[in-house]
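Following: one structure in structure tokens, then a few remarks.
Side chains are part of it too, since the values below use all heavy atoms of this structure and drop only hydrogens, waters and symmetry mates. Position 1 is the first residue of the sequence, and the numbers go up from there.
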Amino acid sequence: MRTAIKAGLGALALWAAGSSAAMSECARTDYLGASFTICTADVQDDLRLFLYADEDKVYGNFTTIDAALSREGKKLAFAMNGGMYHSDRRPVGLYIEDGTELARIVTAAGPGNFGMLPNGVFCIEDDRFTLIESRAFAQAPLPCRQATQSGPMLVIDGQYHPRFIEDSDSRLIRNGIGVSSDGRRAVFAITNTPVNLFEFARFFRDHLDMPQALYIDGNVSRLHAPGLRRSDWGVLLGPIIGKVVDAGRPAQ
């Protein structure tokens, strides 16, 4: 009975999140005393990664991307930082943009959150989103139009990352990505209140019912959500991921 109730609550939470996203691509939600903002993309959406505005200069922020997109008659519906990066804004780990690999996959353990294996790759294929452990990807690469590697994985096949500590006092503003079991939806989340990694993973698994979720970053986490009249500002970013729509479409 308890399992059935839990499953029902998970389905209700997912339905509520989906309903909010249908009215607005981004929406705020609370869970167990913490506040989050989620933005949802479907597989048919124009979801892109952005890094270099030209050969020598990164986009670095949402305003620069919007200015470039305006020349196509497009704009960002929402966007957030899309992967960890070095001091010169080069991606840490695999990075594929428009089918071109700009940085190679990293499979070795290392310092910091990125090196806390298992980490993972978020891959945008022609007909699905995939979130896969990095070593599995290295053994059998997928045909990604766009891909970014980050870490650690938050949720792996419905299980928490084995190294997370439930009562850890390392709490930050964080952002991450979850992918639905059918690969048709990706949910991008940023915390509005500091959380630890376990709490962030629990939000994806138990509140959003996401069987796979990937940590993107903390401290530098930022969101552009015109429909919420929000566009975070700060130091230049490396990779940025965003949903692109026609410039004339009203903010949602």
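The closest side-chain heavy-atom distance from I38 to F204 is not below 4.5 Å. Using a 4.5 Å heavy-atom cutoff, the side chains of W233 and N61 are in contact. F50 places a side-chain heavy atom less than 4.5 Å from the side chain of L76. Within the 4.5 Å cutoff, no side-chain heavy atoms of P91 are placed close to those of Y85. Side-chain contact between M210 and V187 is present, with at least one heavy-atom pair separated by less than 4.5 Å. Side-chain contact between L51 and E97: present, with at least one pair of heavy atoms (C-beta onward) separated by less than 4.5 Å. Side-chain contact check for D157 versus Q212: some heavy-atom pair is nearer than 4.5 Å. Between R104 and L94 the shortest side-chain heavy-atom distance does not fall below 4.5 Å.
Geometric assessment of R205 against the ring of Y160 yields a positive cation-pi assignment under the 6.0 Å and 45° thresholds.
In terms of modelled atom types and a separation under 3.5 Å, the side chain of T148 and the main chain of G82 share a donor-acceptor contact. Between the side chain of D206 and the backbone N or O of F203, no donor-acceptor pair lies under 3.5 Å. Judged by distance alone, with hydrogens and angles left aside, the side-chain atoms of S70 form a donor-acceptor pair with the main-chain N or O of A67 at under 3.5 Å. Although no hydrogens or angles enter the test, the distance criterion places no donor-acceptor pair under 3.5 Å between the side chain of R230 and the main chain of A225. Using a distance-only test at 3.5 Å, with no hydrogens or angles considered, a donor-acceptor pair links the side chain of E199 to the main chain of N196. Panel note: side chain D246, backbone R249; no donor-acceptor pair is recorded below 3.5 Å. With hydrogens and angles ignored, the 3.5 Å screen pairs a side-chain donor or acceptor of R222 with a backbone N or O of V235. Looking at S180, its side chain does come within 3.5 Å of a backbone N or O of R185 through a donor-acceptor pair. Of the possible polar contacts, one joining the H161 side chain to the L117 backbone as a donor-acceptor pair under 3.5 Å is found. Judged by distance alone, the side chain of E133 and the main-chain N or O of A136 form a donor-acceptor pair under 3.5 Å.
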Could you go through the side-chain hydrogen bond (donor to acceptor under 3.5 Å, both in side chains) check for R174 and Y215 one step at a time? CA-CA 8 Å; R174 306 178 187 272; Y215 181 64; 3.0 Å; yes

What do the steps show when you test Y52 against R90 for side-chain contact (heavy atoms from CB on, under 4.5 Å), and what is the final call? CA-CA 9 Å; Y52 293 112; R90 286 181 301 111; 3.7 Å; yes

Do F188 and F78 pass the ring pair (Phe, Tyr, Trp, His ring centres under 6.0 Å) test, and can you show the C-alpha distance, the side-chain angles, and the key distance before you say yes or no? CA-CA 10 Å; F188 300 81; F78 69 81; 5.6 Å; yes

Go through it in stages, so that I can follow the logic: the residues are H224 and D232, the test is side-chain contact (heavy atoms from CB on, under 4.5 Å), and I'd like the CA-CA distance, side-chain angles, deciding distance and then a yes or no. CA-CA 6 Å; H224 175 69; D232 302 337; over 6 Å; no

For side-chain contact (heavy atoms from CB on, under 4.5 Å), just list the numbers for V92 and V106, CA-CA rounded to whole Å, side-chain angles, deciding distance to a tenth of an Å, and then say yes or no. CA-CA 8 Å; V92 176; V106 175; 5.6 Å; no

Yes or no on side-chain contact (heavy atoms from CB on, under 4.5 Å) for F198 and I165, after CA distance, side-chain angles and deciding distance? CA-CA 6 Å; F198 177 88; I165 301 170; over 6 Å; no

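Applying the 6.0 Å contact sphere to CZ of R229 captures no more than 12 heavy atoms from other residues, nucleotides or ligands.
Here the OG-CG distance, from S35 to D30, works out to 5.0 Å after rounding to the nearest 0.5 Å. Put simply, CZ on F129 and SG on C144 are 12.0 Å apart, with the number rounded to the nearest 0.5 Å. Taken from CZ in F122 to CD in Q149, the straight-line distance is 14.0 Å, to the nearest 0.5 Å. The structure places CD1 of I124 at 10.5 Å from CG of D126, a figure rounded to the nearest 0.5 Å.
Note on D182 versus R184: no salt bridge recorded, every NZ/NE/NH1/NH2 to OD/OE distance being 4.0 Å or above. In this structure, D46 does not pair ionically with K243, as no charged nitrogen and carboxylate oxygen lie closer than 4.0 Å. Ion pairing between a basic and an acidic side chain is recognised when a charged N comes within 4.0 Å of a carboxylate O; R171 and D169 show no such pairing. A salt bridge does not link R145 with E101: every distance from a Lys NZ or Arg NE/NH1/NH2 to an Asp or Glu carboxylate oxygen is 4.0 Å or more.
Linking ILVMFWY side-chain heavy atoms closer than 4.5 Å, directly or via other members, places M80 and L49 in a single hydrophobic cluster. Note on Y31: it does not cluster hydrophobically with I173, by side-chain heavy-atom contacts below 4.5 Å among ILVMFWY residues. Cluster membership check: F137 does not share its hydrophobic cluster with M153, using side-chain heavy-atom separations under 4.5 Å among Ile, Leu, Val, Met, Phe, Trp and Tyr. Hydrophobic clustering keeps V220 apart from L172 (ILVMFWY residues linked when any side-chain heavy atoms are closer than 4.5 Å, directly or through intermediates). Hydrophobic clustering keeps L102 apart from I105 (ILVMFWY residues linked when any side-chain heavy atoms are closer than 4.5 Å, directly or through intermediates).
Remark: of the listed residues L214, L131, L197, I216, L197 is the sole one forming a side chain to side chain contact (heavy atoms under 4.5 Å, CB included) with L154. Under the side chain to side chain donor-acceptor pair (under 3.5 Å) test applied with N175, the options T191, N81, D217, T37 reduce to a single match, N81.
Under the 3.5 Å distance criterion, with hydrogens and angles disregarded, no donor-acceptor pair is assigned to the side chains of D66 and T63. With hydrogens and angles left out, the side-chain atoms of E25 and T40 include no donor and acceptor closer than 3.5 Å.
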